[in-house]
2 protein chains.
Amino acid sequence: MRWNPYAAECPTRQLLDRIGDKWAVLVLGLLEPGPQRFNALRRRIEGISQKMLTQTLRSLEADGLITRRAFATVPVTVEYQLTPLGRSLNSVLDPLREWAEANMSRVHKAREKRGAVDRK
Amino acid sequence: MRWNPYAAECPTRQLLDRIGDKWAVLVLGLLEPGPQRFNALRRRIEGISQKMLTQTLRSLEADGLITRRAFATVPVTVEYQLTPLGRSLNSVLDPLREWAEANMSRVHKAREKRGAVDRK
DNA sequence: TCCCTTGGTTACCATTAGGTACCTATACCA
DNA sequence: TGGTATAGGTACCTAATGGTAACCAAGGGA
C-alpha cells in the first residue's frame with residue numbers, strides 16, 4: 001500500500017509531529033557521538049527546562065529512538081544512548097541541519113523585506 | 001563563525017520551528033510538481049482548515065520559499081509556486097519523507113510495547 | 001433575487017505546550 | 001546539621017496553536 005502523505009494518519013505527518021517538538025532533534029544530535037548523562041544534556045542545550053528534557057527523553061525512549069540505562073551509583077547515574085533506529089533518523093536529519101546553516105540567512109532576508117514592505 | 005546548534009538563535013532550531021508547524025512540509029511537497037491553486041491544495045490536504053492553509057501559505061511566502069500570483073479572473077484565481085529556495089529545501093526534506101515511510105511502523109511498535117508494559 | 005464559486009479575513013473559543021517553582025530520594029562533604 | 005550533586009515528579013499558570021463559524025468582494029447562472 002502506497003501512503004498518501006496528505007492523509008491524517010500518514011507516517012510523514014507523524015514524524016513531523018515528532019521532530020517538530022523543538023527539542024527532540026537537538027537531543028538526537030547531541031547523542032550522536034555517544035552516550036550522554038541527563039545533566040550533561042541539560043547543560044549543553046541552552047534554554048531547556050528540566051521538565052522538557054525529561055519529557056523529551058521519555059518520548060524518544062517510548063518511540064525506540066534512544067535507550068535509558070540507570071546505574072546504582074551515588075548519586076544515581078543515568079545514561080541515554082541512540083538506538084540503531086535513532087542513528088538512522090539522525091542520518092537523514094543531518095542534511096537538514098546543513099541546509100539550515102547554509103540557507104536560513106536567506107530566509108531571514110526574505111522575512112525582513114516583507115516586514116519592510118508591509119503588504120497591508 | 002561556527003554555529004552552536006544548541007544556542008537559541010541557531011538556524012537549525014529556527015528551521016525546525018518552521019517545518020514543525022504541521023502543514024508547511026505538506027504544502028511544499030504538493031508544490032513540487034508545479035504551481036497549484038489555493039483550493040486545489042485545500043482539497044488535497046486532508047483536514048486542513050482554510051485559515052491554516054492561508055496562514056501557512058502566507059508565512060512560506062514571507063520566508064521566500066514560495067511565491068503567490070493572483071489573476072484578475074472571475075472568480076479570482078491565485079497560484080502558488082516554489083521558489084528555488086523552496087525547491088532546495090524540498091530536496092533535503094525528501095529523505096525525511098522516505099525515512100518516515102520506511103520506519104514509522106517501527107516507532108509505532110516501540111510505542112505500543114511501552115504502552116503495554118506501562119513502566120511503573 | 002438568491003445562491004454559487006473563488007480566495008480570503010476576522011472573532012471567538014477550547015486545547016495544548018511549555019515555563020516556573022517546589023517536592024521527592026540518596027549519600028557525599030564540611 | 002545543612003548544603004552539594006544526581007535524576008527526576010508534580011502543581012500551577014499563561015501564552016500560543018489551531019479549530020469553527022461568520023463575514024467580505026465580484027460576477028455568473030437559475
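Just the heavy atoms: all of them, side chains too, but no hydrogens, waters or symmetry mates, feed the values below. From a predicted model like this one, the values you see are computed outputs, not experimental measurements. Labels below follow one simple rule: chain letters A, B, ... track the order of the sequence lines, proteins then strands, and each chain is numbered from 1.
Here the P atom of nucleotide dA7(D) and the CG atom of L57(A) are 11 Å apart, to the nearest Å. In this structure, the CD atom of Q50(B) is 16 Å from the P atom of dA11(C), given to the nearest Å. Separating the CD1 atom of I48(B) from the C1' atom of dG18(D) is a distance of 11 Å, rounded to the nearest angstrom. Rounded to whole angstrom, the span from the CG atom of L53(A) across to the C1' atom of dG8(D) amounts to 10 Å. What separates CH2 of W23(A) from C1' of dG18(C) is a distance of 10 Å, to the nearest Å. Between the CZ atom of F71(B) and the P atom of dG27(D) there is a distance of 19 Å, given to the nearest Å. What separates CG of D21(A) from P of dG19(C) is a distance of 11 Å, to the nearest Å. As rounded to whole Å, 17 Å separates atom C1' of dT6(D) from atom CZ of R69(A).
Between S49(A) and dG19(C) there is a side-chain polar atom (N or O) within less than 4.0 angstrom of OP1 or OP2. For dT6(D), the OP1/OP2 oxygens have a side-chain nitrogen or oxygen of R43(A) closer than 4.0 Å. Phosphate contact (OP1/OP2 of dT6(D), side-chain N/O of R37(A), threshold under 4.0 Å): absent. The shortest distance between the side-chain N/O atoms of N39(A) and the OP1/OP2 oxygens of dA5(D) is not below 4.0 Å. Using a 4.0 Å cut-off, no side-chain N or O of R42(A) falls inside it from OP1 or OP2 of dT6(D). Remark: R58(B) is in phosphate contact with dG8(C), judged by side-chain N or O atoms under 4.0 Å from OP1 or OP2.
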As a quick check of understanding, evaluate side chain to side chain contact (heavy atoms under 4.5 Å, CB included) for L85(A) and W99(B), giving each step before the final call. CA-CA 10 Å; L85(A) 192 61; W99(B) 190 94; 3.9 Å; yes

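A donor atom on one side chain and an acceptor atom on the other are not found under 3.5 Å apart for R42(A) and S49(A).
In this structure, R69(A) pairs ionically with E79(A), as a charged nitrogen and a carboxylate oxygen lie closer than 4.0 Å. The pair R68(B)-E61(B) fails the salt-bridge criterion, with no side-chain N (NZ, NE, NH1 or NH2) lying under 4.0 Å from an Asp/Glu carboxylate O.
Mapping T77(A) and K51(A) onto DNA chain D by nearest heavy atom places T77(A) closer to the 5' end of the strand. Toward the 5′ end of DNA chain D lies the nearest nucleotide of Y80(A), the other residue of the pair Y80(A) and V74(B) mapping further downstream.
When the options L53(A), T77(A), V76(A) are evaluated for a side chain to side chain contact (heavy atoms under 4.5 Å, CB included) with F38(A), the one that passes is L53(A).
When heavy atoms are screened at a 4.0 angstrom cut-off, Q55(B) is found touching no nucleic acid atom at all.
Taking the side chain of T54(B) as heavy atoms from C-beta on, and the options dT9(C), dG9(D), dG7(C), the nearest nucleotide is dT9(C). Side chain of M52(B), nearest nucleotide from dG8(D), dG18(D), dT20(D): dG18(D).
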